[in-house]
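A quick note: this is a predicted structure, and the numbers were derived from the prediction, not measured. In what follows, chains carry the letters A, B, and so on, assigned in the order in which the sequence lines appear, proteins first and then strands, with residues in each chain numbered from 1.
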Amino acid sequence: MSYPQVKSFTTVFKKLLIALSGLGLVGFVVVHLLGNLTLLRSDGAAFNAYAAKLESFGPLLAVAEIGLLAIFLIHIVTVLTTKKRNLDARPVAYRQWRSKGGDTPSNLSSRNMAVSGSLILLFLGIHIWQFRFGPGMSQGYIATQGQEQIRDLYRLVVETLKNPVMFLFYSVVMILLGLHLRHGIWSALQSLGMTRSRTTTPLRLLGAILGVLLGVGFLIIPAWIYFGASI
Amino acid sequence: MPKLKLNLEIWRQKNPEAQGSFEPYQLSDIDDDISFLEMLDLLNEQLIKSGKAPVEFDSDCREGICGSCGVIINGQAHGPLQATTTCQLYMRHFGDGDTIIIEPWRSKAFPVIRDLVVDRSAFDRIIAAGGYVSTKTGPHPDANSHLIPKPVADQAMDNATCIGCGACVAACPNASASLFTAAKISHLGLLPQGNPERSKRVFRMVQKMDLEGFGNCTNIGECRAACPKEISIDTIAQMRRDYVQALKE
Ligand code: HEM
Ligand code: SF4
Ligand code: FES
């Protein structure tokens, strides 16, 4: 098998793509979280207005969605080929493998990026199908904003997350997202060669804090809705 | 002096094609101040006396500098201690009645030759792809004719301590050779003699590393914990900086 056909398309190059796409996704996740925090306003008007505003961008939104899809595809394809190479690289497994500990980034997050990532992917499919392609105004999800009628996405979100199975599923995936990013943010900087001996430890800590904060931020929403919000 | 009784489980494999398996062995009366390899020597003496084939393992210097002796001990490359090669590991770090599982390095790029001995020549081929300086450097230059800042010299020297033992590959959950390759790139590239070929070197050595079938680094850092020379994963970031620089050229 010859992997690097193109002179520069090596594992190091692929890591650059994984890191850039990963950081792109982090950017998206930050914006998505900030927007979704409007769900915490329990009358739903703020969230519906935010969603309607996004809709109103029309073709611009479509371009953003396609761009985001492309970033996801780059991330997923590069990590899958990486995983394949790594499975091939050790055909005979150890009878026993134990971490040697020490001051390293080796932990459950970093050793299970493919597990957390795959479950996030499964979640994404369900999530997009539920909301992006879920019932809209023609199915009766209508809210009023001034004179206008807009999609009552708030009611759909609340109805979905009031379901205990969905609440649990969303919560677990948000924890996994936090774990993915606990390693991912620093790892991306390391992959891009942006860490140096003096900065790497503080960056690792900062990346982990930011990653966990993003996970916790997203966890608040289903919990708030499940235990609090009413329609 | 405490004496140890040990239960060993050792990987036995006749040749690269053979199907290997773990074989159990018992040892008693082991002084706890002998080294791990001396313990294996004692086992082999017993095996030879009873007409059985000894356990093959590599060793040469037995003082932690040649890099030939690595094995996996209870799931850890070079055993439980940090900054230690297998030959520098002493039996006092084990307890009476312990079971010790001993396996060879496991990586597609390091095929098992026999028992605990693996073929690490993939490392040599990575070096041959660019881990050298191709100019004739002549007689040694006057001291201080090349001024090198102390931190740079230190960084180059830290990388140059790599003994090519392969523990980084063995300990890596991805069987990646990034720590070794990065160390061999940087111990040259950081210094004036190695600098002119820096970009060519990083391309060639990374490409060779891939072709040999090593895994792709995902920044886990087990290599650093297993490395007897404690080479930092900062050097892997340095390799990627060099790579990005080379892409720009
Ligand atoms: C769609 C499902 C996803 C899958 C299957 C996935 C899978 C993975 C895997 C296996 C890695 C480790 C690969 C490596 O380090 O070489 C990784 C790294 C990473 N992922 Fe994801 N991921 C997904 C979604 C996300 C999302 C939503 C984000 C951001 C919010 C993200 C951000 C990152 C970052 C920043 C890294 C580190 C990049 C690096 O180490 O260079 N991923 N991903
Ligand atoms: S980097 Fe460390 S673990 Fe890897 S071959 Fe060199 S000395 Fe051994
Ligand atoms: S025998 Fe030389 S390093 Fe162990």
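Ring-centre distance between B/F110 and B/F214: below the 6.0 Å cut-off. Ring to ring, B/F180 and B/F123 are close: their centroids are under 6.0 angstrom apart.
Judged purely by distance below 3.5 Å, without hydrogens or angles, the side chains of A/R85 and A/T11 never pair a donor atom with an acceptor atom. Between the side chains of B/N7 and B/Q26, at least one donor-acceptor pair of N or O atoms lies under 3.5 Å. No hydrogens or angles considered: nothing links the side chains of B/S199 and B/Q245 as a donor-acceptor pair under 3.5 Å. A donor-acceptor contact closer than 3.5 angstrom is absent between the side chains of A/T104 and A/S106. Side-chain atoms of B/Q155 and B/N159 include no donor-acceptor pair closer than 3.5 Å.
Against chain A, the residues from residues 70-80 of chain B that qualify, each with a non-hydrogen atom under 4.5 angstrom away, are B/I72, B/N74, B/G75, B/Q76, B/A77, B/H78, B/G79, B/P80 in number order. Identified by a heavy-atom distance below 4.5 Å to chain A, the contributing residues of residues 221-229 of chain B are B/G221, B/E222, B/R224, B/A225, B/A226, in residue-number order. Identified by a heavy-atom distance below 4.5 Å to chain B, the contributing residues of residues 164-189 of chain A are A/H183, A/W186, A/S187, in residue-number order.
Contacts with chain B were tallied for A/M113, A/K100, A/Q96, A/Q190; A/K100 has the most, counting heavy-atom pairs under 4.5 Å. Heavy-atom pairs under 4.5 Å with chain B were tallied for A/S99, A/G102, A/G101; the largest tally goes to A/S99. Counting heavy-atom pairs under 4.5 Å between each of B/A246, B/C172, B/S178, B/S232 and chain A puts B/C172 at the top. The candidate with the highest count of non-hydrogen atom pairs below 4.5 Å against chain A, out of B/N219, B/D234, B/D242, is B/N219. Of the listed residues B/M209, B/M239, B/E9, the one with more heavy-atom pairs under 4.5 angstrom with chain A than any other is B/E9.
Taking the ring centre of B/W11 as origin, the terminal cationic atom of B/R106 falls inside the region bounded by 6.0 Å and 45° from the ring axis. For the pair B/R12 and B/F22, the NZ or CZ position fails the cation-pi test of under 6.0 Å to the six-membered ring centre and within 45 degrees of the ring normal.
We find that B/K108 and A/D88 are not joined by a salt bridge, their nearest charged nitrogen and carboxylate oxygen being 4.0 Å or further apart. Here A/R132 pairs with A/E65 in a salt bridge; the nearest charged N to carboxylate O distance falls below 4.0 Å.
With a threshold of 4.5 angstrom between heavy atoms, B/E212 does not approach chain A through any atom at all. At a 4.5 Å heavy-atom cutoff, the contact between A/T195 and chain B is made by backbone and side-chain atoms alike. For a residue to count as touching a neighbouring chain, one of its non-hydrogen atoms must lie under 4.5 Å from one of that chain's; by this rule B/L81 touches chain A with the backbone only. The contact between B/E103 and chain A is made entirely by side chain atoms (from C-beta outward), counting heavy-atom distances below 4.5 Å. Heavy atoms of B/S107 lying under 4.5 Å from chain A belong to its backbone as well as its side chain. With a 4.5 Å cut-off on non-hydrogen atoms, A/S191 touches chain B through its backbone and its side chain both.
Expressed to the nearest 0.5 Å, how far OG1 of A/T201 lies from CG of A/D103 amounts to 5.5 Å.
Contact detail for B/I185 and B/V206: the closest heavy-atom pair is CD1-CG2, 4.4 Å.
For the side chain to side chain contact (heavy atoms under 4.5 Å, CB included) criterion with B/I126, the lone passing option out of B/M205, B/Q207, B/K184 is B/M205.
Residues satisfying the salt bridge (charged side-chain N to carboxylate O under 4.0 Å, His left out) criterion with B/D98, sequence neighbours excluded, are absent altogether.
At distances below 3.5 Å, not a single donor-acceptor pair connects side-chain atoms of B/N174 with backbone N or O atoms of B/S176.
Aromatic ring orientation, A/H127 versus A/H32: perpendicular (interplanar angle above 60°, classes split at 30° and 60°).
Crowding of B/R92 atom CZ: a count of heavy atoms from other residues, nucleotides or ligands under 6.0 Å exceeding 12.
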